[in-house]
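We name chains A, B, ... by the order of the sequence lines, and we start the count at 1 in each one. The structure presented is a predicted model; accordingly, all values stated were derived computationally and were not measured.
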Number of protein chains: 2
Amino acid sequence: MPGSAELLLGEFLRTLDDRFRLTLPTELLDPLLGDGSRLVIAKERTGCLSLWSAATWQPRMDAALDVIRSKLEAGLLDQRLGQMQDLGRLLSTRQRTIPLAGRGRLVIPDGFRSLLGVEPGGEVVVVGAAVCVELWQPAAWDACIAVEMPGFRQRIDELTS
Amino acid sequence: MPGSAELLLGEFLRTLDDRFRLTLPTELLDPLLGDGSRLVIAKERTGCLSLWSAATWQPRMDAALDVIRSKLEAGLLDQRLGQMQDLGRLLSTRQRTIPLAGRGRLVIPDGFRSLLGVEPGGEVVVVGAAVCVELWQPAAWDACIAVEMPGFRQRIDELTS
DNA sequence: GTCTCAATGGGCCAAAAACCCACGAAAAAA
DNA sequence: TTTTTTCGTGGGTTTTTGGCCCATTGAGAC
């Protein structure tokens with residue numbers, strides 16, 4: 001169960017290598033990996049990628065696939081094919097399992113670099129997002145915080161009251 | 001149970017050394033730690049940070065996450081994870097667990113220094129706030145007292161009546 | 001077949017963080 | 001008032017680690 005694991009929290013600044021390599025902070029690396037060692041990188045939005053432990057990601061995929069399947073059962077064959085095509089496209093391009101080198105170092109794959117929008121040698125904000133780790137372009141991170149922050153206290157109060 | 005523990009009270013002046021290290025007063029350290037040894041540092045406002053025992057903080061987090069889980073139980077796993085992700089991302093910006101060195105000394109982490117607004121070698125007012133310990137920039141503390149003081153008697157009367 | 005270029009993985013170094021100790025001052029006890 | 005102990009602060013040392021650099025390997029082109 002993903003939620004019962006230790007929460008990934010903390011905000012760190014890291015510089016990207018000239019080969020788009022990044023060293024994860026040890027505070028995030030250990031709980032992110034958990035027991036397994038495989039990592040999934042996913043596209044979130046412009047200026048943001050996310051990293052998931054395969055153990056957390058897999059149930060999410062399975063659940064999504066179950067929903068798709070059940071929806072397809074009721075549909076027509078041609079619609080089924082079309083939706084399968086859409087799904088396959090998303091699965092192929094929006095996520096990818098990546099290896100993790102020694103010292104917790106990973107390479108941001110080719111198709112994911114433009115979305116992040118950080119040039120080699122640039123800086124990346126590494127953010128623990130409870131269930132995953134997010135990689136942000138600094139400007140995009142600042143913008144995100146500026147938008148989300150005002151309502152944050154209220155949301156917390158709502159949840160904890 | 002956090003509330004049943006001894007209340008954290010008192011006001012102390014401490015100097016921040018050039019490495020952003022701060023020694024907590026022993027009067028506050030022992031009751032703050034309780035049994036566990038981990039601390040959570042949180043951003044309160046400009047000129048003010050707060051310190052919580054992890055034992056006090058964790059139930060609050062668990063409660064918030066439990067609410068999310070129960071509220072979203074009818075939805076998809078994908079949505080549940082997304083909500084946790086949003087919340088966790090914001091939590092990361094406001095708080096962080098920090099280790100405590102010997103002699104009850106802690107290091108104010110990188111992202112928290114600017115909000116406190118105290119340069120290395122400067123002074124910090126350490127205040128017991130009953131359920132947590134607050135670190136204040138002296139000027140901000142004075143301003144806070146100036147604002148809060150007039151209504152103090154009234155609030156006490158309200159609480160004790 | 002050979003040369004060149006590029007990608008990948010590993011090793012090294014320096015800066016910073018964590019740890020430890022010691023001194024001095026202040027408070028408490030005698 | 002004097003002595004003793006506790007506690008806050010500074011500094012030195014060691015270990016970790018983030019960032020840079022190099023070496024080796026594999027692929028592609030000429």
Side-chain angles (χ1 to χ4, degrees), chain A residues 8-33 37-39 41 51 96-114 116 118-128 133-138 141, chain B residues 8-33 36-41 49 51 54 96-114 116 118-128 133-136 138:
Chain A
L8 298 157
L9 292 177
E11 180 186 342
F12 308 86
L13 201 63
R14 283 283 176 278
T15 64
L16 215 58
D17 184 279
D18 55 339
R19 299 259 191 279
F20 286 96
R21 287 187 299 185
L22 176 77
T23 309
L24 290 175
T26 48
E27 289 97 327
L28 294 178
L29 178 66
D30 294 339
L32 177 63
L33 286 180
S37 62
R38 294 193 343 180
L39 223 54
I41 188 169
L51 296 170
R96 182 164 168 188
T97 69
I98 55 171
L100 199 62
R103 255 237 234 286
R105 192 159 60 169
L106 61 93
V107 182
I108 297 174
D110 227 322
F112 294 74
R113 296 171 186 173
S114 60
L116 185 60
V118 177
E119 67 280 5
E123 298 207 313
V124 175
V125 184
V126 182
V127 181
V133 172
E134 293 177 344
L135 309 179
W136 287 83
Q137 184 209 24
W141 174 241
Chain B
L8 298 156
L9 293 175
E11 178 185 342
F12 308 85
L13 200 62
R14 284 285 177 277
T15 63
L16 211 61
D17 73 8
D18 55 344
R19 300 184 210 172
F20 285 95
R21 290 187 298 184
L22 176 78
T23 308
L24 291 175
T26 49
E27 289 96 327
L28 293 178
L29 179 65
D30 294 340
L32 177 63
L33 284 181
S37 63
R38 296 198 338 182
L39 276 183
V40 174
I41 187 169
L49 302 173
L51 295 170
R96 179 162 170 191
T97 68
I98 55 171
L100 199 62
R103 278 269 193 274
R105 191 152 59 169
L106 61 93
V107 181
I108 297 175
D110 228 320
F112 293 75
R113 296 171 185 174
S114 61
L116 185 60
V118 177
E119 66 282 4
E123 299 207 313
V124 175
V125 183
V126 182
V127 181
V133 171
E134 291 177 347
L135 309 178
W136 286 85

So what stems show up for DNA chain D if we need 3 or more Watson-Crick or G-U pairs in a row, all under 3.5 Å?
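Ordered by first number, the stems with DNA chain D (at least 3 consecutive pairs each) read C:1-30 with D:1-30.
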Using the side-chain heavy atoms of [X], tell me which of these nucleotides is nearest: [options].
X: A:R105; options: D:dG11, D:dC7, C:dG10; answer: C:dG10
X: B:R21; options: D:dT17, C:dC20, C:dG10; answer: C:dC20
X: B:R103; options: D:dG19, C:dC19, C:dA22; answer: C:dA22

Taking side chain as C-beta onward, heavy atoms only, is B:R96 less than 4.5 Å from A:F12?
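The answer is yes; the side chains approach within 4.5 Å.
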Once you round it to whole Å, what is the distance between [atom2] of [N] and [atom1] of [X]?
X: B:L22; N: D:dC7; atom1: CG; atom2: P; result: 16 Å
X: B:I108; N: C:dA18; atom1: CD1; atom2: C1'; result: 16 Å
X: A:L106; N: C:dT8; atom1: CG; atom2: C1'; result: 14 Å
X: B:L100; N: D:dG8; atom1: CG; atom2: C1'; result: 14 Å
X: A:E27; N: C:dA18; atom1: CD; atom2: P; result: 8 Å
X: B:I98; N: C:dA18; atom1: CD1; atom2: P; result: 10 Å
X: A:F20; N: C:dA6; atom1: CZ; atom2: P; result: 15 Å
X: B:F12; N: D:dG8; atom1: CZ; atom2: P; result: 9 Å

Say you draw a straight line from CG of B:L32 to CG of B:L100; how long is it, rounded to the nearest 0.5 Å?
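Nearest 0.5 Å value for the CG-CG distance: 8.0 Å.
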How long is the straight-line distance from CG of A:L22 back to CG of A:L51, given to the nearest 0.5 Å?
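Here the interatomic distance stands at 8.0 Å.
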Please confirm whether the shortest side-chain N or O distance from [X] to OP1 or OP2 of [N] is below 4.0 Å.
X: A:R14; N: D:dG18; value: yes
X: B:T26; N: D:dT6; value: no
X: B:T23; N: D:dC7; value: no

Nearest atoms (heavy-atom pairs only) where [X] meets [Y]:
X: A:V118; Y: A:E123; result: CG1-O, 3.7 Å
X: B:T97; Y: B:R38; result: CG2-NH2, 4.4 Å
X: B:P109; Y: B:R113; result: O-CG, 3.3 Å
X: B:F112; Y: B:I41; result: CE2-O, 3.7 Å

Side chain of B:R19, base of D:dG12: donor and acceptor closer than 3.5 Å?
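Checked by distance alone, the answer is yes.
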